[in-house]
Each structure stands twice: as structure tokens, then as C-alpha cells.
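To keep things clear, I will list the structure first and then write my remarks on it.
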Amino acid sequence: MADFEPRIVGFLCNWCTYAGADLAGTSRMQYPPNMRPIRVMCSSSVDSVYILRALLEGADGVFIGGCHPGDCHYVSGNYKARRRMVLFNSIMSSLGLDTDRVWLRWISAAEGRKFADTVSAMTEAVRKKGPSPFREMWEV
């Protein structure tokens, strides 16, 4: 487990968090390469099935990044995402699954440093938790 490197799937809002990730990259900010980014048009387009599927297929963590509340390019998309996460976490808890492996954060296009710090923090938190229990099912 000493050489364990987490695999994190990141669903990033096109307008804010993905642009923040781009700013972090162009500004040469250092952060772990553990996140596999997937650009989505809005954090509200991340269905619970996508999150569950990523976890079931061996991701050690899932990150959802969106615009700050009140700043959504689709008016109320981030509020919908927040409501969806509350419901998703209650379902995960009732199934006995770890809700700390899924993070929802608001990061704007101008917050490259916040993006880098968040990826670093999540990578370290997931590293401390160890591999996902589902990961063993898929590795040979």
C-alpha cells in the first residue's frame, strides 16, 4: 500500500472548473497527476449513475467541480448538482459505502490555485483511505 497512487475521475464544469484547471496548468502550478478530467457542460449534467459507475469500475475517488452558487452559466445548474449530491450521499450511506470518496467543490475560472490545492488535498485524502474496495474486483 506504500506505493498506492489513487485514481480520481474528475467531472469539471466547462465554464468554471475546467477553465480553472486550464489556468493552473498554464500557470505551471504543481499538483498531483492523479485526476482524469472529463469536461462536462455543467456540474448538473453529472448524473449519479456516472459517479457510481466510476467507483464501481475502480476509481478510488470522484471529483465534481462546478461554478460557485449564483454564478452558473445555466442559472441554477450548480444548485441542482448540490441537491443531487445530498441525495446521492444518503443513498451511499444507506448502502454502507464511503461518501468521502466523492467531492463536490465550487471553483471558478480565476481560481487556478484553488483547483491545484483541491486536487492535492483530495489525492492525499484518498491516498490515506487506500484503494477503493471495488478496485480489487477489476484488477487481475
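None of these values were measured; they are calculated from a predicted model. Values below: every heavy atom of this structure, side chains too, minus hydrogens, waters and symmetry copies.
Linking Ile, Leu, Val, Met, Phe, Trp and Tyr whenever their side-chain heavy atoms come within less than 4.5 Å leaves Met41 and Ile51 in two separate clusters. Cluster annotation: Met35 is not connected to Leu23 through the hydrophobic network of ILVMFWY side chains, with a link wherever side-chain heavy atoms come within less than 4.5 Å. Note on Val40 and Tyr18: separate hydrophobic clusters, where clusters join Ile, Leu, Val, Met, Phe, Trp and Tyr whose side-chain heavy atoms are under 4.5 Å apart, directly or indirectly. A single hydrophobic cluster is not seen to contain both Met85 and Met122; linkage of ILVMFWY side chains at heavy-atom distances under 4.5 Å, directly or through other members, places them apart. Ile38 is not connected to Trp103 by any chain of hydrophobic side-chain contacts under 4.5 Å among Ile, Leu, Val, Met, Phe, Trp and Tyr, and they are in different clusters.
Counting only distance, with no hydrogens or angles, the side chain of Arg84 and the backbone of Ser44 share a donor-acceptor pair below 3.5 Å. With hydrogens and angles ignored, the 3.5 Å screen pairs no side-chain donor or acceptor of Glu124 with any backbone N or O of Ala121. With hydrogens and angles disregarded, a donor-acceptor distance shorter than 3.5 Å links the side chain of Arg101 to the backbone of Asp60. At distances below 3.5 Å, at least one donor-acceptor pair connects side-chain atoms of Asn78 with backbone N or O atoms of His68. Ser27 places no side-chain N or O within donor-acceptor distance of the main-chain N or O of Ala24, the cut-off being under 3.5 Å. Distance alone, capped at 3.5 Å, places no donor-acceptor pair between the Arg113 side chain and the Met29 backbone.
Put simply, CE on Met92 and CG on Asp100 are 9.5 Å apart, with the number rounded to the nearest 0.5 Å. Rounded to the nearest 0.5 Å, atoms CH2 (Trp106) and SG (Cys67) are 9.0 Å apart. From Lys114, atom NZ reaches atom OG1 of Thr17 across 9.0 Å, with rounding to the nearest 0.5 Å. To the nearest 0.5 Å, atom CG of residue Asn89 and atom OG of residue Ser94 are 10.5 Å apart. The line from OG of Ser43 to OH of Tyr74 is 11.0 Å long, rounded to the nearest 0.5 Å. Atom CZ of Phe11 is separated from atom CG of Leu104 by 12.5 Å, given to the nearest 0.5 angstrom.
Heavy-atom minimum distance, Tyr31 versus Val119: CD1-CG1, 3.7 Å. Scanning all heavy atoms of the two residues, the minimum distance from Val126 to Phe4 falls at O-CE2, 3.7 Å. Contact detail for Ser132 and Leu55: the closest heavy-atom pair is OG-O, 4.1 Å.
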Are Val62 and Leu52 close enough, and set up right, to give a side chain to side chain contact (heavy atoms under 4.5 Å, CB included), and what steps lead you there?
CA-CA 9 Å; Val62 176; Leu52 193 56; over 6 Å; no
* Asked: Could you walk me through whether Leu12 and Phe115 pass the side chain to side chain contact (heavy atoms under 4.5 Å, CB included) check?
  -> CA-CA 11 Å; Leu12 312 180; Phe115 176 81; 4.2 Å; yes
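Between Phe63 and the options Ile107, Asn34, Val9, a side-chain contact (heavy atoms from CB on, under 4.5 Å) holds for only Ile107.
Annotation: side chain of Leu97 is in contact with side chain of Phe134 (closest heavy-atom distance under 4.5 Å).
Between Trp15 and His73, the angle of the ring planes stays under 30°, which puts this pair in the parallel group of the 30/60° scheme.
Crowding of Arg53 atom CZ: a count of heavy atoms from other residues, nucleotides or ligands under 6.0 Å not exceeding 12.
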